[in-house]
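Working notes, structure below.
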Number of protein chains: 2
Amino acid sequence: MTTSKIKNMVDFAAVSGISRPTLSKYFNDAESVRPSTRSKIEAALEQHDYRPNIYAINQNRRRTRNIGLVVPNLTDPFFAAIARTIEGLILEAGYNPLLLSSHGGPEQEISNLDSLRSIKPAGVLLAPLGRASNADAVAAFAEEIPTVLFDANLEGVEAAFFGSDNTQSIGLIVDYLCRTGEPPVFFEMETPINPNALRRRHAYQTSMERLGFEPAFVRVPGEGWDFEEIGSREGAKMLASKTRQTNTILCSNDRLAIGLLSAAFEADIKVGLGADSPLRIAGHDDHPFAKYTCPSLTTISQDYTSIGARSVAAILAMADAPDDNLPPENALFEGRLVMRGSA
Amino acid sequence: MTTSKIKNMVDFAAVSGISRPTLSKYFNDAESVRPSTRSKIEAALEQHDYRPNIYAINQNRRRTRNIGLVVPNLTDPFFAAIARTIEGLILEAGYNPLLLSSHGGPEQEISNLDSLRSIKPAGVLLAPLGRASNADAVAAFAEEIPTVLFDANLEGVEAAFFGSDNTQSIGLIVDYLCRTGEPPVFFEMETPINPNALRRRHAYQTSMERLGFEPAFVRVPGEGWDFEEIGSREGAKMLASKTRQTNTILCSNDRLAIGLLSAAFEADIKVGLGADSPLRIAGHDDHPFAKYTCPSLTTISQDYTSIGARSVAAILAMADAPDDNLPPENALFEGRLVMRGSA
DNA sequence: ACAAAAAGTTTTCACGCGTAAAGTTTTTAT
DNA sequence: ATAAAAACTTTACGCGTGAAAACTTTTTGT
């Protein structure tokens, strides 16, 4: 690398012997120039270490190559994992992912969308907060900027959506639990903040009715995203009350189940599928830690490889053809039963 | 909001009745204009919904208001939590955080720094991969752009650093374990990928020697970031071998401990500090889930509130005075012993 | 070898805002 | 009320790139 200071594309054109517009073409798509000039340019790049100013580029482009990725809560390992998967896919496609978390709640979600707006992204992948989301604001955003929803759908928002089929997955695990023991009660939060919770509630109810059992709910108070804490605290109360109508508990999600398992351990109640276990506990999501709970957690694994892949494919399609008015795609993917020790 | 389309600051100057340079001042610092004009501008903003083009802004500014934040692995809840804390502090200071994860390894770390370079950030907060990091590349980056390292220091990189005092924290928990039972063996990975692992190894050794005990190590094979998996798999082997010289195991980090706890559960070995427990297990980091393991995990809580606050303060100071050549700050913060059920 | 097609060059304009200088108006201090 | 200071307006230029048009050179196909 020489000491010469290449400040802009004009300077680099001078040292590389290639005209600036051709360089511009090259940086936009290296394949669009002749191999002989491409190698000249790349040789010059090795020597002079120039890179186009990203702000100047994006000021003039109609669409940038940024793709926004908004998840409800990066502190939740489930969303961290799916975000990582999707980030990889975006990078592979030659786009630049921008990861944002709405942990702060609906205001943060809107503020994230506002930040993305000013970045003029080619598209946005949004896993909304769900019930708490400001659906109108999201709808307005989706009209302005190509948007794909994933993980949780939002009524009144006209956008592509890819997520899990909660009816199928909850049905699957309810079926399994009923076949292998007593029918489950559904352990959930009174006013859940996380998406899909209400869909799962409903799916549990219909599954139980389909199988001819009486649905039963344990709805516990609690605010925010501290599901383990809520599961543990309220689970301890429930277990202490000793008035269980069944020995099987299906939790609305794995994090509640993790808390509940710790409460059972503290209360010295053995959990598991064996005949000697007075309690069975199952969850939903296949949380990264579900394999390491005591006992390991029987749960539903969401197919977020497919969800991620389809979501990215859809947003890229929209980015490439921004003004075709096809109806928004959507698809639900089936969950897979993961049988472990807890139920 | 009217239907008029405000495309740029000139248009907005027309509808607001304020000159464009004054608007420019306002958007850079709302306090820098007279209250009367400020309210005029804000009234117009309510009606016309204009926002400056962020690319045009940054093209001309000497320093942007972006601050990069790079962590080794966002999938690790420990880093997710600290990232969230720091993001909040950056936002409070009126800067724009850009969160990146180096999960992919050293190449990803360098690629993250490259992305940040082209963004011309006011500063970068980097939690390096540690041993695996390309120290030369990081050093070159730090010379070019104001950089603060946190969580793990890097030899040969001249930059501010804030992290935990592993010598103190490991000393603290070794001391505790020795006072309350048998001295611990140190359970760790042979070739750990995560930062601080070697420092903790060394801290354990010196602590034991200080107390007059013989250090003992269990070093297990395994690659990558799947610490729970490694702790569980290798822990199961260790527990099966039945040749323990002590009943107390100190794990290099909580995630290994979580895996080890699950292995102990599977092997039906009771873990805890009581006299009836044949095994004690302790960790380090106060992982978000350490409270919900079975039994709950005795560990060290890192003071990452202080680490985050000092790191952000330092990067903001560097951003405000980019060319003063003060020696880089650094400080180590003490860990706090969190006594729970496992030891 | 020749015409046609592809690729590259030159020239020119556009983008939206930062910033500086000089002149004007408003506010503040006495 | 008046001078000084502060804030604002007008004018003008610069930033580094995208993009289009017209022209020239190189490559491709027959």
Side-chain angles (χ1 to χ4, degrees), chain A residues 4-45 48-66 94 96 117-122 319 322, chain B residues 4-45 48-66 96 117-120 122 319 322:
Chain A
S4 57
K5 290 152 204 160
I6 314 289
K7 300 175 54 178
N8 54 35
M9 213 180 263
V10 174
D11 289 1
F12 186 64
V15 300
S16 64
I18 307 289
S19 72
R20 193 184 65 74
T22 302
L23 289 176
S24 181
K25 273 193 75 181
Y26 169 82
F27 285 114
N28 278 318
D29 178 8
E31 304 294 318
S32 70
V33 304
R34 203 153 42 201
S36 60
T37 62
R38 179 157 73 243
S39 55
K40 274 194 228 164
I41 294 172
E42 277 157 5
L45 272 178
H48 296 282
D49 159 62
Y50 156 78
R51 66 177 61 206
N53 180 309
I54 199 165
Y55 298 109
I57 291 176
N58 285 328
Q59 179 177 3
N60 289 326
R61 248 209 267 275
R62 321 185 191 293
R63 315 186 314 267
T64 69
R65 295 191 71 82
N66 296 322
N96 179 233
R117 223 191 292 259
S118 60
I119 295 222
K120 304 191 190 304
Chain B
S4 56
K5 290 153 202 159
I6 313 290
K7 301 175 57 177
N8 54 35
M9 211 178 264
V10 174
D11 288 2
F12 187 64
V15 300
S16 65
I18 306 289
S19 72
R20 193 182 63 74
T22 301
L23 289 176
S24 180
K25 273 194 75 182
Y26 168 82
F27 285 113
N28 277 318
D29 177 8
E31 303 294 317
S32 71
V33 304
R34 202 155 40 202
S36 60
T37 63
R38 179 156 72 244
S39 54
K40 272 193 227 166
I41 294 172
E42 279 157 4
L45 272 179
H48 296 283
D49 159 63
Y50 156 78
R51 66 177 59 206
N53 180 309
I54 202 163
Y55 298 109
I57 290 176
N58 285 329
Q59 177 177 6
N60 292 324
R61 248 211 268 276
R62 322 185 192 293
R63 313 187 314 267
T64 70
R65 295 190 73 82
N66 296 324
N96 179 232
R117 223 191 292 261
S118 62
I119 293 213
K120 304 189 188 307

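Lettering follows sequence order; numbering is per chain, from 1.
Which of C:dG8, C:dG18, D:dC8 sits closest to the side chain of A:Lys25 comes down to C:dG8. Checked against C:dT10, C:dC17, D:dT17, the side chain of A:Pro21 finds its nearest nucleotide in C:dT10. Listed nucleotides: D:dG18, C:dT9, C:dT19. Nearest to the side chain of A:Ile18: C:dT9.
Among the atoms of the strands shown, none is found under 4.0 Å from any heavy atom of A:Asn58.
Annotation: the terminal axes of the helix from C:dA1-D:dT30 to C:dT30-D:dA1 meet at 20°, where each axis is the rotation carrying the C1' atoms of four end pairs onto the next four (5 pairs per end, rounded to 10°).
In this structure, the side chain of A:Arg65 does not engage the main chain of A:Ala122 through any donor-acceptor pair within 3.5 Å. Distance alone, capped at 3.5 Å, is enough to place a donor-acceptor pair between the B:Ser39 side chain and the B:Pro35 backbone.
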In sequence, state the C-alpha distance, the side-chain angles, and the governing distance for B:Ile6 and B:Val15, and then conclude on side-chain contact (heavy atoms from CB on, under 4.5 Å). CA-CA 9 Å; B:Ile6 313 290; B:Val15 300; 3.9 Å; yes

Would you check, one step at a time, whether the test side-chain contact (heavy atoms from CB on, under 4.5 Å) holds for B:Asn66 with B:Asn58? CA-CA 10 Å; B:Asn66 296 324; B:Asn58 285 329; 4.2 Å; yes

Let me see the working for A:Tyr55 and B:Ile54 under side-chain contact (heavy atoms from CB on, under 4.5 Å), right down to the final yes or no. CA-CA 8 Å; A:Tyr55 298 109; B:Ile54 202 163; 5.9 Å; no

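What you find for A:Ala56 and B:Gln59 is that their closest heavy atoms are CB-NE2, 3.6 Å.
Applying the ring pair (Phe, Tyr, Trp, His ring centres under 6.0 Å) test to B:Phe27 and every residue at least two apart in sequence or in another chain returns B:Tyr50. Shown here are the side chain to side chain contact (heavy atoms under 4.5 Å, CB included) partners of B:Lys40, two or more places apart in sequence or in another chain: B:Ile18.
For residues 8-20 of chain A, the side-chain hydrogen bond (donor to acceptor under 3.5 Å, both in side chains) pairs, not counting sequence neighbours, are A:Ser19-A:Thr22. Counting only residues at least two apart or on different chains, the salt bridge (Lys or Arg N to Asp or Glu O under 4.0 Å) pairs with a member in residues 50-60 of chain A are A:Arg51-B:Asp114. Legend: side-chain hydrogen bond (donor to acceptor under 3.5 Å, both in side chains) pairs involving residues 25-35 of chain B, not counting sequence neighbours, sorted by first then second residue: B:Tyr26-B:Glu42, B:Asn28-B:Arg61.
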Close N or O pairs between protein and nucleotides 13-16 of chain C (under 3.5 Å):
unit_1: C:dC15; atom_1: O2; unit_2: A:Asn60; atom_2: OD1; d: 2.5
unit_1: C:dC15; atom_1: O2; unit_2: A:Asn60; atom_2: ND2; d: 3.4
unit_1: C:dG16; atom_1: O4'; unit_2: A:Gln59; atom_2: NE2; d: 3.2
unit_1: C:dG16; atom_1: N2; unit_2: B:Asn60; atom_2: ND2; d: 3.0
unit_1: C:dG16; atom_1: N3; unit_2: A:Gln59; atom_2: NE2; d: 3.0

Restricting both atoms to N or O, compile the protein contacts to nucleotides 28-30 of chain C shorter than 3.5 Å, with distance only.
none

Between the protein and nucleotides 28-30 of chain D, list every N/O to N/O distance that falls short of 3.5 Å.
none

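One finds a side-chain N or O of B:Ser19 lying less than 4.0 angstrom from the OP1 or OP2 phosphate oxygen of D:dT9. Phosphate contact (OP1/OP2 of D:dT17, side-chain N/O of A:Ser24, threshold under 4.0 Å): absent.
Residue B:Tyr26 contributes atom OH, which lies 15 Å from atom P of C:dC17 at whole-angstrom precision. As rounded to whole Å, 8 Å separates atom P of D:dG16 from atom CG of A:Asp11. In this structure, B:Leu23 places its CG atom 15 Å from C1' of C:dT19, rounding to the nearest Å.
Once rounded to the nearest 0.5 Å, the distance linking OG of A:Ser36 with CD1 of A:Ile41 reads 9.5 Å. A distance of 8.5 Å separates OG of A:Ser118 from CD1 of B:Ile57, quoted to the nearest 0.5 Å. With rounding to the nearest 0.5 Å, the separation of CG in B:Asn53 from NZ in A:Lys120 is 5.0 Å.
DNA chain D is contacted by A:Arg34 of residues 31-41 of chain A, taking any non-hydrogen atom closer than 4.0 Å.
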